[in-house]
Undergrad: 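Before we start, here is the structure in question, set down as structure tokens.
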Amino acid sequence: MTEPAPTKVDMEKIVSLSRRRGFIFPSSEIYGGLSSCWDYGPLGVELKRNVKEAWWRAMVQERDDVVGLDTSIIMHPQTWVASGHIKSFSDPLVECKNCHLRWRADEVSGNKCPSCGGELTEPRQFNLMFKTFMGPVEEEANVVYLRPETAQGIFVNFQNVLNTTRKKLPFGIAQIGKSFRNEITTGNFIFRSREFEQMESEFFVKPGTDEQWFHYWLEERLNWYLKLGIKRENLRLRQHTKAELAHYARDCYDIEYQFPMGWAELEGIANRGDFDLVQHAKYSGKSLDYFDEETKEHITPYIIEPSAGVDRSVLAFLCDAYDEEPDKDEIRVVLRLHPRLAPVKVAVLPLSRRENLVKVATEIYAELRRCWTVSYDDAQSIGRRYRRQDETGTPFCVTVDFQSLEDEQVTIRERDSMNQIRVPIAALRDTLAAKLEGEDLFVLPPDGKIWKEGKDG
Ligand code: ATP
């Protein structure tokens with residue numbers, strides 16, 4: 001982590017909003033919580049699913065050169081010998097001789113314990129993989145590990161995918177799933193936790209074309225965050241120094257985001273060369289070659305890996321979207337999330353609980369729910385209800401009022417501008433669909449006409 005950069009949002013506000021509105025809770029909270037483990041609440045789970053879906057859509061669904069995979073968390077223990085994790089996936093640790101707290105050696109200066117001032121030991125390597133036992137007998141022969149990254153599941157299935165899909169180079173395999181690391185220093189909310197999710201793609205290319213593909217993926221990945229609304233000034237690319245490069249990497253860049261605590265890694269993009277396929281071929285005794293029809297040669301592809309964290313992305317999207325603006329005597333908190341990421345797309349708000357209004361509103365609610373995650377709110381004033389939806393990032397509110405009973409039209413109110421338009425109920429679903437897919441806000445639906453324009457409040 002470098003250059004502390006004060007942004008207008010501080011982490012406490014994000015943590016407090018997440019807690020208050022049901023995005024993220026501390027894990028097992030009734031027992032006092034479990035250090036750096038988090039539970040996603042009703043809105044958080046929707047946001048997280050939307051982040052994963054947006055990634056899958058861009059990385060698999062919209063491409064014809066990438067296929068998906070879902071591999072198991074527990075893998076054959078030899079995997080981790082071949083990958084180098086048993087040998088090198090460790091952090092140097094120092095321990096306080098007095099209070100026995102452990103610290104990452106690169107995060108303390110001098111040899112005094114940051115907590116009690118006691119003397120620290122010499123650094124020792126500490127493996128970050130979680131160990132457990134498979135089967136009923138807890139003995140060394142049965143040790144297995146919870147995967148610390150999803151990538152290895154892809155490498156060991158390279159031949160399976162090749163044989164079943166008949167893909168030609170260059171092609172990729174993508175996977176989203178849980179990973180586990182027994183991190184020594186955690187914190188900064190969901191930024192670094194011990195159980196987290198990754199979105200990883202391994203893109204196999206002919207050696208010699210790797211640099212070109214590496215740069216292609218740097219651009220693609222940076223654009224993914226920009227297209228989903230992250231501000232350009234909060235993103236940067238940082239190349240790893242030679243000393244920093246992981247044992248497998250020929251080159252690596254981090255996409256960094258300006259989090260409230262400073263610039264920090266959001267995603268790593270590495271040129272892994274042929275390291276992984278060579279290693280797994282060596283340890284498994286199975287060929288992981290690719291037969292190049294053009295040159296009639298067997299080659300070992302190079303791999304370009306964009307590896308992103310789901311939870312870190314969620315945090316970045318939350319921080320970037322958070323906004324406060326004066327609203328009469330109060331402050332309007334608004335999450336300006338991209339509509340594709342917003343946990344709830346539309347809120348249906350009947351102006352009152354009168355039976356005839358409720359009937360129309362619930363019919364609209366039932367219809368829209370078939371397409372999106374929609375909420376229904378009839379409690380308190382309409383102004384308060386708009387604010388509640390703003391705070392959780394709902395892009396559109398549909399207000400059903402008494403006029404609706406006569407003219408069969410409703411008001412769509414937009415979160416960011418607070419603009420309102422009036423549309424026929426018959427055109428409501430199509431209008432919302434166009435808006436949610438990112439077409440210009442507030443273009444007229446083909447047969448809709450504006451009844452009222454203005455701001456709420
Ligand atoms: P860091 O240096 O921050 O620990 P890393 O370089 O070890 O991260 P990678 O191994 O490159 O991370 O993992 C790829 C991505 O997975 C990271 O960019 C990050 O988004 C996510 N990630 C890694 N470790 C964690 C963690 N402990 N908690 C949450 N996300 C993580």
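We count ligands from 1, going down the list as the structure has it; atoms in each ligand are counted the same way. What you see below is based on every heavy atom in this structure, not just the backbone, and it leaves out hydrogens, waters and symmetry mates.
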Undergrad: Taking both backbone and side-chain atoms of Arg192, is any N or O found less than 3.5 Å from an N or O belonging to ligand 1?
TA: yes
Undergrad: So which of Gln198, Met199, Glu200 gets nearest to atom 16 (O) of ligand 1, if we judge by its closest heavy atom?
TA: Gln198
Undergrad: To check your reading of the model: name the closest protein heavy atom to atom 28 (N) of ligand 1, its residue, and the distance in Å.
TA: Ser193 N, 3.0 Å
Undergrad: Hey, is ligand 1 close enough to Ala308 that some N/O pair sits below 3.5 Å?
TA: no
Undergrad: Under the ring-ring contact (aromatic ring centres under 6.0 Å, His included) criterion, do Phe191 and Phe259 qualify, and how do the steps go?
TA: CA-CA 9 Å; Phe191 177 81; Phe259 286 98; 5.2 Å; yes
Undergrad: Does the ring center of His338 lie less than 6.0 Å from the ring center of Phe317?
TA: no
Undergrad: Among all protein non-hydrogen atoms, which one is nearest to atom 18 (O) of ligand 1, and what is the separation to 0.1 Å?
TA: Glu265 OE2, 2.6 Å
Undergrad: Just going by heavy-atom distances, which of Glu256, Arg181, Glu149 is nearest to atom 7 (O) of ligand 1?
TA: Arg181
Undergrad: Please report which non-hydrogen protein atom sits nearest to atom 15 (C) of ligand 1, along with the residue it belongs to and the distance in Å to one decimal place.
TA: Ser307 O, 3.7 Å
Undergrad: Looking at atom 29 (C) of ligand 1, what's its closest protein heavy atom, distance included?
TA: Phe191 O, 3.2 Å
Undergrad: Could you find the nearest protein heavy atom to atom 22 (N) of ligand 1 and give me its residue, atom name and distance?
TA: Phe196 CE1, 3.6 Å
Undergrad: Surrounding CD of Glu211 (heavy atoms of other residues, nucleotides or ligands, distance under 6.0 Å), is the total greater than 12?
TA: no
Undergrad: Out of curiosity, Ser375 OG to Lys345 NZ, how far, rounded to the nearest 0.5 Å?
TA: 12.0 Å
Undergrad: Go through ligand 1 atom by atom and flag the ones less than 4.0 Å from a non-hydrogen atom of Glu183.
TA: 24 (N), 26 (C), 27 (N)
Undergrad: The test is side-chain hydrogen bond (donor to acceptor under 3.5 Å, both in side chains); show your working for Ser307 and Glu200 and say whether it passes.
TA: CA-CA 4 Å; Ser307 169; Glu200 297 195 296; 2.6 Å; yes
Undergrad: Ligand 1 versus Glu267, non-hydrogen atoms closer than 4.0 Å: side chain, backbone, both, neither?
TA: backbone
Undergrad: From Arg415 CZ over to Thr392 OG1, what is the distance, rounded to the nearest 0.5 angstrom?
TA: 9.5 Å
Undergrad: Identify the closest protein heavy atom to atom 19 (C) of ligand 1: which residue and atom is it, and at what distance?
TA: Arg312 NH1, 3.5 Å
Undergrad: Would the distance check show the side chain of Asn163 and the main-chain N or O of Gln159 forming a donor-acceptor pair, the cut-off being under 3.5 Å?
TA: yes
Undergrad: Looking only at protein heavy atoms, which one is nearest to atom 21 (C) of ligand 1, and what is the separation?
TA: Gly309 CA, 3.7 Å
Undergrad: Could you walk me through whether Leu266 and Asp254 pass side chain to side chain contact (heavy atoms under 4.5 Å, CB included), step by step?
TA: CA-CA 7 Å; Leu266 189 54; Asp254 286 345; over 6 Å; no
Undergrad: Can you tell me if Leu266 has a non-hydrogen atom under 4.0 Å from ligand 1?
TA: yes
Undergrad: Let me confirm one number: the OH-CD1 distance from Tyr225 to Ile230, rounded to the nearest 0.5 Å.
TA: 8.0 Å
Undergrad: Give the atom numbers and elements of ligand 1 that come within less than 4.0 Å of a heavy atom of Gly268.
TA: 18 (O)
Undergrad: Do Lys231 and Asp320 meet the salt-bridge criterion of a basic N to acidic O distance under 4.0 Å?
TA: yes
